[in-house]
Participant: 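Structure provided below as structure tokens; questions to follow.
Throughout, residue positions are numbered sequentially from 1 according to the sequence presented. Because the structure is predicted, anything quoted here is derived from the model rather than measured.
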Amino acid sequence: MEFRKRSSEAWQRVRTACADLIKRRNPAEYFIVLTLIGMIVFAVRVLAGGTEAFLGLFFMRSRDMLYDFVNPLRDAAQGLAAYTERYVMYPPLGNLLLRLVGRLLPAEYLNTADEDFGTWNAYNAVMLVYLLFALLSFAWIAARLVREEHPAARRPLLLFCLLCGFPFVFWLERGNTVLFIVPLLLIFAQNYDSEKAWAREIGLVALALAFALKLYPALFGVVLLADRRWKEAIRCAVYGLLLLILPSFAYGGPLVLMRVIYNVKRFSYRSSGHAEGFFNTFGIPVSVVASLLIPAFLLLIAFLIAFAFICRKRHLTLAVAAAVMLCVPSVFSCYNMMLTAMPLVLFLRQEKLRSPRDFLWFFGLALPFAAFLDYPVSDYLNIVCIVLVYAAAVWELIETLVKNKKARTQAATADETAREPS
């Protein structure tokens with residue numbers, strides 16, 4: 001009898017807590033609950049299914065584990081040949097950083113043939129360097145996330161859910177250097193509105209560094225233009241160009257940047273097969289799809305610019321910028337969904353999800369972190385989430401245009417009324 005009474009009381013407390021959670025509609029709390037549920041479901045599934053269920057989470061069932069880490073290190077050690085023979089896409093600054101890291105690895109491994117990257121597990125130094133790289137990167141990101149304006153009691157759980165969310169787990173197996181970019185973007189976002197001039201300048205340098213390492217983060221700079229911070233935008237562009245051009249002299253000069261662009265196009269063309277295959281199922285020829293991809297991407301950039309200047313909501317503009325970047329074949333990947341971490345963290349600052357549109361934004365940004373799905377199903381979910389972000393953005397844009405038109409009409413009516421003779 002006593003046990004039944006306690007069970008009933010515990011169940012009632014759970015129901016009350018759930019009701020309060022639903023009523024508050026706090027996005028940070030929703031994100032924590034959603035991600036924890038995803039982690040628990042994943043843990044139960046892999047414990048029941050064993051190794052096969054666990055490895056199903058990763059690309060090629062992890063047959064090329066750490067490829068995005070160990071292969072670029074070997075490429076960077078080749079000097080100019082990294083661009084001319086191994087078709088590296090990293091700009092010179094990123095390649096130089098990898099070359100420095102490669103100094104910690106045995107020359108015997110760095111000089112292996114391109115197809116022999118899998119021999120890395122014969123060298124203890126490779127795994128030790130990777131662990132150091134991962135730990136330092138995660139610590140750097142954690143230090144940035146801790147600065148967010150969330151209640152102290154919620155912050156550890158929020159940090160756990162972000163750093164143990166699916167994009168980061170997927171990244172751990174790949175080891176891509178995108179993890180250099182995430183903390184830089186967080187520094188830019190967190191210092192954007194700082195009252196201290198030096199902090200804002202650090203934010204500009206961080207964005208310039210992100211651009212010099214990966215190129216595509218330049219799209220995040222659209223918020224500077226939308227806010228008409230022209231001088232800061234110019235300084236950021238100068239920093240970015242300097243960080244892009246100066247390291248190029250280690251590879252013969254700025255002309256090597258043309259090789260970088262060629263290699264990016266070459267890889268994007270190869271990886272665009274997913275889009276071509278998708279449209280081909282509807283009877284659309286590959287040649288037609290290939291000719292439409294670049295115009296479609298330019299249209300997305302035009303939409304981003306329009307959204308930035310009309311809606312003027314920084315965190316939502318950054319979310320759209322991330323969605324646009326993820327539409328580039330060479331960028332689209334589960335681990336690159338980490339690029340949405342910055343707009344997600346900013347979005348979770350708001351106190352309440354007030355409209356269906358807010359829920360679209362929330363699920364578009366949060367689901368990639370909460371759903372631990374097998375590959376390539378996870379890719380399909382990411383596509384759905386990107387579409388949700390675009391849908392929310394279109395809704396936001398239309399609503400803003402309607403409000404602006406109504407405000408102009410009311411202002412014009414007020415002016416006419418004021419001019420009428422009394």
Side-chain angles (χ1 to χ4, degrees), residues 17-38 145 147-151 153-155 157-162 165-167 185-186 189-190 192-193 219-220 222-223 226-227 300 303-327 337-371 381-407:
C18 290
D20 290 342
L21 176 70
I22 294 171
K23 186 185 298 183
R24 286 195 297 272
R25 291 195 287 181
N26 181 279
E29 292 178 354
Y30 278 15
F31 174 73
I32 290 170
V33 171
L34 188 68
T35 307
L36 289 177
I37 290 173
L145 292 175
R147 294 183 69 251
E148 285 307 305
E149 298 85 354
H150 291 282
R154 185 193 300 154
R155 214 173 291 161
L157 266 179
L158 188 58
L159 187 62
F160 172 78
C161 290
L162 283 165
F166 176 65
L185 296 177
L186 286 167
Q190 291 169 340
Y192 187 83
D193 289 330
L219 283 180
F220 285 125
V222 72
V223 294
D227 289 343
L300 290 177
F303 174 76
L304 167 63
I305 294 171
F307 183 90
F309 277 85
I310 294 171
C311 292
R312 306 290 294 276
K313 294 181 179 179
R314 177 168 51 96
H315 63 298
L316 300 184
T317 298
L318 295 172
V320 177
V324 172
M325 283 185 284
L326 287 163
C327 289
M337 293 303 288
M338 291 190 298
L339 294 170
T340 63
M342 174 183 59
L344 172 62
V345 166
L346 297 177
F347 183 83
L348 295 181
R349 287 177 177 177
Q350 65 187 65
E351 294 180 2
K352 193 173 185 178
L353 298 173
R354 293 183 171 80
S355 68
R357 188 185 65 249
D358 283 348
F359 279 92
L360 276 183
W361 285 113
F362 173 76
F363 284 113
L365 294 171
L367 273 180
F369 288 80
L381 174 67
N382 291 341
I383 293 171
V384 170
C385 290
I386 291 169
V387 170
L388 288 179
V389 169
Y390 283 132
V394 170
W395 189 344
E396 190 92 37
L397 185 61
I398 292 172
E399 192 171 278
T400 303
L401 288 170
V402 170
K403 284 181 180 178
N404 291 346
K405 184 178 180 181
K406 189 180 293 186

Participant: Could you grab the distance from atom CG of Leu318 to atom CG of Leu185, nearest 0.5 Å is fine?
Facilitator: 8.5 Å

Participant: Please round to the nearest 0.5 Å and tell me the distance separating atom NZ of Lys406 and atom CG of Leu401.
Facilitator: 13.0 Å

Participant: Over 60° means perpendicular and under 30° means parallel, so classify the ring planes of Phe362 and Tyr30, tilted if in between.
Facilitator: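 It falls in the perpendicular class, over 60°.
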
Participant: Shortest non-hydrogen contact from Trp395 to Leu360?
Facilitator: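 Here Trp395 and Leu360 meet closest at CE3-CD1, 3.7 Å.
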
Participant: Walk me through whether Leu157 and Leu36 qualify under side chain to side chain contact (heavy atoms under 4.5 Å, CB included).
Facilitator: CA-CA 9 Å; Leu157 266 179; Leu36 289 177; 4.2 Å; yes

Participant: Quick one: do Arg314 and Asp193 make a salt bridge, cutoff under 4.0 Å?
Facilitator: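 Looking at Asp193 together with Arg314, the answer is yes, because their closest N to O distance falls below 4.0 Å.
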
Participant: Can you name the closest pair of heavy atoms from Pro368 and Asn382 and give their distance?
Facilitator: CB-OD1, 3.9 Å

Participant: Hey, what do you get for CG (Leu326) to SG (Cys385), rounding to the nearest 0.5 Å?
Facilitator: 10.5 Å

Participant: Please name the pair of heavy atoms, one in Phe369 and one in Thr35, separated by the smallest distance, quoted to 0.1 Å.
Facilitator: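 Result for this residue pair: O-CG2, 3.8 Å.
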
Participant: Which atom pair, heavy atoms only, marks the closest approach of Ala319 to Trp361?
Facilitator: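 Shortest heavy-atom separation between Ala319 and Trp361 comes out as CB-CZ3, 4.0 Å.
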
Participant: Is there side-chain contact between Val320 and Phe303, with heavy atoms separated by less than 4.5 Å?
Facilitator: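 Contact flag for Val320/Phe303 side chains = yes.
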
Participant: Is the side chain of Asn26 donor-acceptor paired with the backbone N or O of Lys352 at a distance under 3.5 Å, no angle test?
Facilitator: no

Participant: In the structure I gave you, are the side-chain heavy atoms of Phe220 and Met342 within less than 4.5 Å of one another anywhere?
Facilitator: yes

Participant: Going from CG on Leu348 to CG on Leu353, what distance comes out if it is rounded to the nearest 0.5 angstrom?
Facilitator: 9.0 Å

Participant: Start with the C-alpha distance between Leu397 and Cys311, add both sets of side-chain angles, then the distance that settles side chain to side chain contact (heavy atoms under 4.5 Å, CB included), and finish with yes or no.
Facilitator: CA-CA 6 Å; Leu397 185 61; Cys311 292; 4.0 Å; yes

Participant: Could you measure the distance from the CG atom of Leu388 to the CZ atom of Phe363? Nearest 0.5 Å is fine.
Facilitator: 9.0 Å

Participant: Using modelled atom types and a 3.5 Å cut-off, is there a donor and acceptor pairing between side-chain atoms of Tyr390 and backbone atoms of Ala323?
Facilitator: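 Here the side-chain-to-backbone pair exists.
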
Participant: Look up atom CG in Leu219 and atom OG1 in Thr317, then write down how far apart they are to the nearest 0.5 Å.
Facilitator: 12.0 Å

Participant: Any chance you could lay out the side chain to side chain contact (heavy atoms under 4.5 Å, CB included) test for Phe307 and Thr400, step after step, and finish with the verdict?
Facilitator: CA-CA 10 Å; Phe307 183 90; Thr400 303; over 6 Å; no

Participant: So with a 6.0 Å cut-off around CZ of Phe160, is the heavy-atom count from everything else above 12?
Facilitator: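 Open.
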
Participant: Just jot down the salt bridge (Lys or Arg N to Asp or Glu O under 4.0 Å) partners of Lys403, sequence neighbours excluded, or say none.
Facilitator: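 Lys403 satisfies salt bridge (Lys or Arg N to Asp or Glu O under 4.0 Å) with Glu399 only.
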
Participant: Provide the closest heavy-atom pair for Phe31 versus Cys161 in the form atom of the first, atom of the second, distance.
Facilitator: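 Looking at all heavy atoms of both residues, the closest pair is CE2-CB, 3.8 Å.
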
Participant: State, to 0.1 Å, how close Ala321 and Leu304 come at their nearest heavy-atom pair, and which atoms those are.
Facilitator: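 The pair with the smallest heavy-atom distance is N-CD1, 3.7 Å.
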
